[in-house]
Enquirer: 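This is the structure I want to talk about, given as structure tokens.
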2 protein chains.
Amino acid sequence: MDMKFDLAQIAPPPHVAFPMSAPMRACAAGSCDQCGVRDRAICADLPSGDREALSQIGRRVALRAGQTVMWEGDDSMVVANVIEGTLKLSTSLGDGREQIVGVVYPSDFIGRPFGTLTPHSVTALTDARLCLFPRRAFDGFARSHGALQHRLLARTLDDLDRTRAWMLLLGRKSAREKVATFLLDMGRRLPIDRDGTIELPLSRQQVADILGLTIETVSRQMNEMKRLGVIALPGRRGVRLIDAVALEAMAGGD
Amino acid sequence: MDMKFDLAQIAPPPHVAFPMSAPMRACAAGSCDQCGVRDRAICADLPSGDREALSQIGRRVALRAGQTVMWEGDDSMVVANVIEGTLKLSTSLGDGREQIVGVVYPSDFIGRPFGTLTPHSVTALTDARLCLFPRRAFDGFARSHGALQHRLLARTLDDLDRTRAWMLLLGRKSAREKVATFLLDMGRRLPIDRDGTIELPLSRQQVADILGLTIETVSRQMNEMKRLGVIALPGRRGVRLIDAVALEAMAGGD
DNA sequence: CCGGCGCTTTGACAGAGGTCAATGCAGGGG
DNA sequence: CCCCTGCATTGACCTCTGTCAAAGCGCCGG
């Protein structure tokens with residue numbers, strides 16, 4: 001189980017245009033009216049006056065793939081809505097072993113409100129845009145707006161359910177079952193183009209870090225499924241789910 | 001990874017006095033004033049009038065070890081505060097493989113408010129007492145009492161953090177590290193008697209179901225630690241942590 | 001269009017942990 | 001107080017997945 005320490009997790013690989021230490025760039029302010037996640041984010045059912053007030057507290061920010069927004073263990077300074085892009089939540093052991101504990105998509109909420117410590121790092125997997133709030137200001141706003149707090153609670157309860165379901169995968173599923181479950185999950189969450197192909201926002205290493213496997217095992221399982229005709233693997237990050245029924249069977253009940 | 005189907009998970013073992021199908025027994029009503037978790041449960045900082053109103057919605061219930069309060073997949077009918085005892089939250093695969101996704105103690109909250117499905121089963125590990133509420137009535141009450149909802153949110157956020165931290169253990173730690181981490185965690189949460197011994201509320205199988213291991217691996221790891229003089233194992237469920245520093249080292253960073 | 005970098009794949013091998021099968025033993029019931 | 005039941009321990013073995021190493025090949029930059 002001793003995995004080799006992976007330098008890439010500390011220093012950004014050279015091809016990452018914006019190193020993780022790059023400051024977040026402000027981007028076109030844009031009012032809530034034209035926000036792409038206006039009716040799905042936690043601010044959705046605020047009266048529009050309140051929503052604008054909340055908007056005043058925050059700012060729009062753009063991220064490049066690879067940039068880290070928050071670091072595990074740091075003070076919790078900001079929270080945010082994801083407007084666009086995909087990000088990962090991750091924790092790691094002292095020796096570099098990493099576990100991705102969540103993947104978030106547009107309209108999801110990130111950061112740790114009502115708490116002082118950031119429990120996990122948040123890193124952009126693709127270029128992304130956030131609606132970022134100072135944590136204390138957000139906390140204060142939420143405390144005085146029941147609707148917002150209710151929405152945040154509902155979302156947190158959902159996250160907790162999903163996270164606990166994932167524990168079953170981590171603790172009890174075989175490599176084959178893990179990979180099949182993962183692919184089905186991505187098929188549900190990512191846009192599917194007309195020939196049924198999805199573009200994973202993750203490298204093989206990151207898939208491994210989600211499933212609690214090594215990169216080699218993930219690669220072997222996926223190529224074995226390809227050999228069986230259950231999936232196709234066009235390009236480095238493409239996956240076409242050819243036989244979803246067979247995949248479901250491989251995913252092992254639930 | 002094919003674990004043998006365990007009958008005990010369907011039918012209660014013969015020594016369980018109250019089979020899981022036994023109805024929950026009402027017990028001495030007791031007002032909130034003399035409730036042992038009054039100042040730690042989510043109802044703690046309600047004005048006492050509101051708290052009594054909430055109390056009217058609910059009822060006190062007693063459980064025997066082994067009884068299941070809620071079943072994974074059932075409609076979400078009730079939620080509850082744990083007054084006394086220890087309970088497990090668990091999910092399982094169709095073939096009987098099980099993962100314990102949480103262990104709850106007095107003052108913790110269980111059940112799925114604001115949702116229609118129970119995401120995991122809840123089973124008493126020891127005899128226990130609950131303050132049980134019909135879910136819909138609780139939801140309604142919570143919606144109109146910001147303080148309660150805030151407290152529930154804070155607790156859910158904490159649960160989510162703990163759960164995600166546990167994913168790192170499930171996905172990335174070795175058997176040795178898992179067992180060491182588990183023992184330290186129990187040492188923090190359970191009462192310690194004067195000679196430093198704790199009484200686990202869990203069988204070896206249940207420990208295995210928390211850690212994503214088999215019963216044999218758990219047993220081997222614990223006895224190996226005993227051989228190393230790091231812990232002692234008095235009786236079937238007793239554990240004395242002799243060398244906490246060594247245990248910390250075995251638990252592997254974080 | 002080509003070259004090279006780094007991710008991905010593939011192979012050979014090792015070892016952690018699962019499986020199967022006794023045996024031991026704690027603790028409740030008679 | 002002793003027996004019996006079922007959990008826990010121990011051993012032998014084997015498989016799955018991790019480790020180490022090398023080769024393949026997308027994809028970006030020039």
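Source: prediction; values computed, not measured. Naming convention: chains lettered A, B, ... in sequence-line order (proteins, then strands); numbering from 1 in each chain.
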Enquirer: Looking at B:Q221 and B:A175, what are the two nearest heavy atoms and their distance?
Expert: NE2-CB, 3.9 Å

Enquirer: For the side chain of A:R204, counting heavy atoms from C-beta on, which of D:dT17, C:dT9, D:dT9 is nearest?
Expert: C:dT9

Enquirer: Please report, rounded to the nearest Å, how far the C1' atom of C:dC7 is from the CG atom of A:L125.
Expert: 16 Å

Enquirer: Between A:F182 and A:W166, what is the shortest heavy-atom contact and its length?
Expert: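 Taking A:F182 first and A:W166 second, the nearest heavy atoms are CA-CH2, 4.4 Å.
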
Enquirer: Answer yes or no: does a side-chain N or O of B:T214 lie under 4.0 Å from OP1 or OP2 of C:dG18?
Expert: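 So the side chain of B:T214 is within the cut-off, an N or O lying under 4.0 Å from OP1 or OP2 of C:dG18.
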
Enquirer: Considering only heavy atoms and no angle criterion, is a donor-acceptor pair shorter than 3.5 Å present between the side chain of B:R220 and the base of D:dG11?
Expert: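 A donor-acceptor contact between them is present.
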
Enquirer: Check this one for me: any side-chain N or O of B:S203 less than 4.0 Å away from OP1 or OP2 of D:dC7?
Expert: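 No, outside the criterion.
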
Enquirer: What is the separation between atom CD on A:E224 and atom P on C:dT8, rounded to the nearest whole Å?
Expert: 19 Å

Enquirer: Output the rounded distance in Å from CZ (A:R176) to P (D:dG18).
Expert: 14 Å

Enquirer: Can you tell me if the side-chain N/O atoms of A:N223 get under 4.0 Å from OP1 or OP2 in C:dT8?
Expert: no

Enquirer: Distance check: side-chain N/O of B:S219 vs OP1/OP2 of D:dA8, anything under 4.0 Å?
Expert: no

Enquirer: Please find the pair of heavy atoms, one from A:M70 and one from A:V79, that lie closest to each other, and give the distance.
Expert: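 Minimum heavy-atom separation between A:M70 and A:V79: CE-CA, 4.5 Å.
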
Enquirer: Using whole Å, report how far CZ of A:R237 lies from C1' of C:dT8.
Expert: 12 Å

Enquirer: Taking N and O atoms by type only, does the side chain of B:R236 place a donor or acceptor under 3.5 Å from a partner on the base of D:dA8?
Expert: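 Result: no qualifying N/O pair found.
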
Enquirer: Side chain of B:E216, base of C:dC20: donor and acceptor closer than 3.5 Å?
Expert: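 Result: at least one qualifying N/O pair found.
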
Enquirer: If you measure only the distance, is there a donor-acceptor pair under 3.5 Å linking the side chains of B:S76 and B:R112?
Expert: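 No - no donor-acceptor pair under 3.5 Å links their side chains.
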
Enquirer: Using whole Å, what does the distance between atom C1' of nucleotide D:dA21 and atom CD1 of A:I215 come to?
Expert: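 Nearest whole value for this atom pair: 14 Å.
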
Enquirer: Measure from CD on A:Q205 to P on C:dT9 and round the result to the nearest Å.
Expert: 13 Å

Enquirer: B:D209 has an atom CG; how far is it from atom C1' of D:dA8, in whole Å?
Expert: 15 Å

Enquirer: Between B:M222 and A:G235, which is nearer to the 5' end of DNA chain D once each is assigned its nearest nucleotide?
Expert: B:M222

Enquirer: Round to the nearest Å and state the distance from A:D95 atom CG to D:dG18 atom P.
Expert: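 Those two atoms, CG and P, are 15 Å apart.
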
Enquirer: With a 6.0 Å cut-off (strictly less than), is the heavy-atom count around CZ of A:R59, excluding the residue itself, greater than 12?
Expert: no

